[in-house]
Amino acid sequence: MTLTFYNTLTRRPEPFTPAEPGKVRMYHCGPTVYRRPHVGNFRAFLFADLLRRVLERRGFEVQQVMNVTDVGHFTQEDEDRGEDRMEMESRLTGKDPWQISREITELFESDMARLRAKKPMVRPRATDHIPEMLQMVDTLLAKGVAYRAGAGGQNIYFSVNAFDRYGELSGNRVEALEAGARIEVNPEKKHPADFALWKSDPKHIMKWKSQFGEHGFPGWHIECSAMARKYLGDTLDIHTGGEDLVFPHHECEVAQSEAATGRTFVRTWMHVQFLKVDGGKMSKSLGNVYSIDDVVARGFEPRHLRFLLLRAHYRAPLNFTWDAMTDAKGAIDRLASFLWDVKSCVIKGAAPGVDEAIAKARAGFDAGLDDDLNTAAATAAIFELVTDVRAKAGAPMKLSRAQAEAISQLLDEFDAVFDILTPEPLSDVERTEVESLVAERQSARARADYARADEIRKILTEKRVIVEDSKDGVRWRRM
RNA sequence: GGCGGCAUAGCCAAGUGGCCUAAGGCGACUGAUUGCAAAUCAGUUAUCCCCCGGUUCAAAUCCGGGUGCCGCCUCCA
């Protein structure tokens, strides 16, 4: 099986080979930091983490970059008010936009850490790369694919007619865009689909002095082109983002970057389908824009959310509901309990059929991941291992040492990709408390005070601790 | 108006021409085990893949037509 990814550009799955053997250059569109990230954002960001881990499993050296957009960007509507997302949030909260972006960036980083996403090589911020953006704008002007407009020529636009492949990624045709009623006619633009590279507005709070004037700020798309080029070079192997970014954002990135460098910007484009919540689009008015704290407040750990978001195929619809969270948690617990039994199994002779089951599970796991990151199929292979081994090794589980180690090893490999099996650790205080409750329960049981014993178990369950009694004594673990 | 995606058991979700009398998970139910549980084991839980028509020796899978849901075209992952 070869590693295959669906490429948005060609609209078909393709065998993946990086431009430079053994090394993958990968860029992800990260968050716009004006509001706390929610479960929907995490689907896209955790997909990036999954992709990295799968590439690493396949032996590639991965150079991973995920940007942070800490500049607001105009919408057409906002433009009339001279206010962008970041500045609107600023007006609503009374905070300085710089402060908002700083705070949200910190939240984003800590949320990602709680979700066990590996840190990318760089998390560049747009505001730290204004010179790189300006330089690219200069290049585009020099090549004649961009033009100056407005008073004093302080606004710079990219001319879509100067780039024939404009529309190739998204399937939009320039003529269709022209005819579309949804593009407001901006008299400064030569073509309605032309997009801003740099704009000027003295009223803006976040603004920079440049060769184009005193009070400028970058267009939305130029940041990614500039930062991707700085850290990864002219050509990226993979660029990812949410499906909403295909147009206009990624379409415009291609145009700018390729017009500027004359090289292919991205070899494989991968886009994650939007997460649904309660069957529809999440919205603030429905109150279903959940943050990681909302998830934790409902008694889940971040890793439960991580698994929910990762185990469905990234290009298939996924519906976030609290039932689905419970489901994900239950599924993790099945694996955890299996691993627990394997680690405490009775070492005996080799159980028949187990070696075959392990080999089959590993093959199924890899085949799933290789097939455009089909995590549903990959996890199914691991669950089949659980069923097979349980059926063959008996209860209590009897395995040879080599078999027990091979199973642990495979589950470790699974967890190197999914990273969901280790519970949040208990603090020393909590651990001591749990241990004394377990001991107290044992003595209650010894004197046949089952009412007290059950009461203690209930307390432990609330602390997400499972106690199991057996002939060999009691054991407990964190769910 | 333009572009795209999806419809599989109570719920989540693989499978895209024969190995499907349809993976896997959650949940539920019956029996075993247990002080009771938990976990585990044995078994049950879609005769069928939104509907209609067609192609084919063969379709959940291909084609045509419906219906429903979702997304993009405007800030959004």
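To find a chain, count down the sequence lines: A is the first, B the second, and so on, and within it residues start at 1. It should be emphasised that the depicted structure is a prediction, and the values quoted were computed from it without experimental measurement.
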Tell me every residue that passes side chain to side chain contact (heavy atoms under 4.5 Å, CB included) with A324(A), counting only those two or more places apart in sequence or in another chain. L308(A), T321(A)
With P as the reference atom in both, quote the distance from G65(B) to G2(B) in angstrom, rounded to an integer. 15 Å
Check: protein-nucleotides 29-36 of chain B nitrogen or oxygen pairs below 3.5 Å:
from   : atom 1 : to      : atom 2 : distance (Å)
G35(B) : N7     : R445(A) : NH2    : 3.4
G35(B) : O6     : R441(A) : NH2    : 3.3
G35(B) : O6     : R445(A) : NE     : 3.2
G35(B) : N1     : D454(A) : OD1    : 3.1
G35(B) : N2     : D454(A) : OD1    : 3.4
G35(B) : N2     : D454(A) : OD2    : 2.7
C36(B) : O2     : D454(A) : OD1    : 3.3
C36(B) : O2     : R457(A) : NH2    : 2.5
C36(B) : N3     : R457(A) : NH1    : 3.4
C36(B) : N3     : R457(A) : NH2    : 3.2
C36(B) : N4     : D469(A) : OD2    : 2.9

Should the pair D49(A)-K119(A) be classified as a salt bridge under the 4.0 Å nitrogen-to-oxygen rule? no
Parallel, tilted or perpendicular, judged at 30° and 60°: which one describes the rings of F45(A) and F108(A)? perpendicular
P spacing across the pair A46(B) / A32(B), given as an integer number of angstrom: 24 Å
Quick check on R125(A): does its CZ atom have over 12 non-hydrogen neighbours (other residues, nucleotides or ligands) under 6.0 Å away? no
For U8(B) and G35(B), measure between their P atoms and round to the nearest Å. 45 Å
Using atom P in both nucleotides, what's the gap between C57(B) and C52(B) to the nearest angstrom? 23 Å
Close N or O pairs between protein and nucleotides 18-22 of chain B (under 3.5 Å):
none

For this output row, return yes or no: ring centroids of H129(A) and Y231(A) closer than 6.0 angstrom. yes
If I pick the C1' atom on A7(B) and the same atom on C50(B), what distance separates them, to the nearest angstrom? 6 Å
Any salt bridge linking E455(A) with R452(A)? Criterion: basic side-chain nitrogen under 4.0 Å from a carboxylate oxygen. yes
Heavy atoms under 4.0 Å is the rule here; annotate nucleotides 41-46 of chain B 5' to 3' with B where the base is hit, S where only the sugar-phosphate is, and - elsewhere. S-----
Using 4.0 Å as the upper bound for N to carboxylate O, is an ion pair formed by D294(A) and R298(A)? no
Are K329(A) and E301(A) ion-paired here, with the side-chain N under 4.0 Å from a carboxylate O? no
Under 4.0 Å, counting only non-hydrogen atoms across every strand here, what does V467(A) touch: a base, just sugar-phosphate, or nothing? base
Would you mind classifying the nucleic acid contact of M282(A) as base, sugar-phosphate or nothing, using non-hydrogen atoms under 4.0 angstrom? base
For G171(A) and R11(A) the tightest heavy-atom approach is N-NH2, 3.3 Å
Can you sort out the partners of V474(A) under side chain to side chain contact (heavy atoms under 4.5 Å, CB included), two or more places apart, ordered by chain and number? V438(A), R441(A), Q442(A), V467(A), D469(A)
Taking the same atom, C1', in A60(B) and in C49(B), what whole-Å distance lies between them? 4 Å
Quick one: list whatever passes salt bridge (charged side-chain N to carboxylate O under 4.0 Å, His left out) with E106(A), sequence neighbours left out. none
Short N-O contact, E413(A) and R362(A), less than 4.0 angstrom: yes
The salt bridge (charged side-chain N to carboxylate O under 4.0 Å, His left out) partners of E468(A) (sequence neighbours excluded) come to R475(A)
Checking R116(A) now: which residues fulfil salt bridge (charged side-chain N to carboxylate O under 4.0 Å, His left out) with it, not counting sequence neighbours? D419(A), E424(A)
Can you measure D372(A) atom CG to U16(B) atom C1' for me and round it to whole angstrom units? 14 Å
Are R315(A) and Y6(A) in a cation-pi setup, meaning NZ or CZ lies under 6.0 angstrom from the ring centre and within 45 degrees of the ring axis? yes
Sorted by chain and number, sequence neighbours left out, salt bridge (charged side-chain N to carboxylate O under 4.0 Å, His left out) with R12(A) holds for none
For G71(B), is there a stacking contact with F274(A), counting only centres under 5.5 Å and planes under 30°? no
Spacing of the C1' atoms in G5(B) and A42(B) (rounded, Å): 42 Å
Which of the following nucleotides, C73(B), G71(B), A39(B), is nearest to the side chain of D341(A)? A39(B)
How would you label the contact of G171(A) with the nucleic acid (heavy atoms, under 4.0 Å): base, sugar-phosphate, or nothing? nothing
NA contact type, G394(A), heavy-atom cut-off 4.0 Å: base, sugar-phosphate, or nothing? nothing
Taking the same atom, C1', in C69(B) and in C51(B), what whole-Å distance lies between them? 15 Å
With a non-hydrogen cut-off below 4.0 angstrom, is E468(A) in contact with a base, only sugar-phosphate, or nothing? base
Runs of at least three Watson-Crick or G-U pairs with RNA chain B, cut-off 3.5 Å: B:1-7 with B:67-73, B:10-12 with B:24-26, B:27-32 with B:40-45, B:50-54 with B:62-66
S170(A) side-chain N/O to G4(B) phosphate OP1/OP2 under 4.0 Å: no
K398(A) has an atom NZ; how far is it from atom P of U40(B), in whole Å? 16 Å
May I ask you to say whether D293(A) pairs ionically with R114(A), meaning some side-chain N is under 4.0 Å from a carboxylate O? yes
Whether each nucleotide of nucleotides 6-14 of chain B has a protein heavy atom under 4.0 Å at its base (B), only at its sugar-phosphate (S) or at neither (-) is summarised, 5' to 3', as S------SS
Of the nucleotides A38(B), G24(B), C26(B), which has the atom closest to the E384(A) side chain? G24(B)
Which residues share a side chain to side chain contact (heavy atoms under 4.5 Å, CB included) with F418(A), sequence neighbours left out: F307(A), L310(A), F365(A), T375(A), T379(A), F414(A), I420(A)
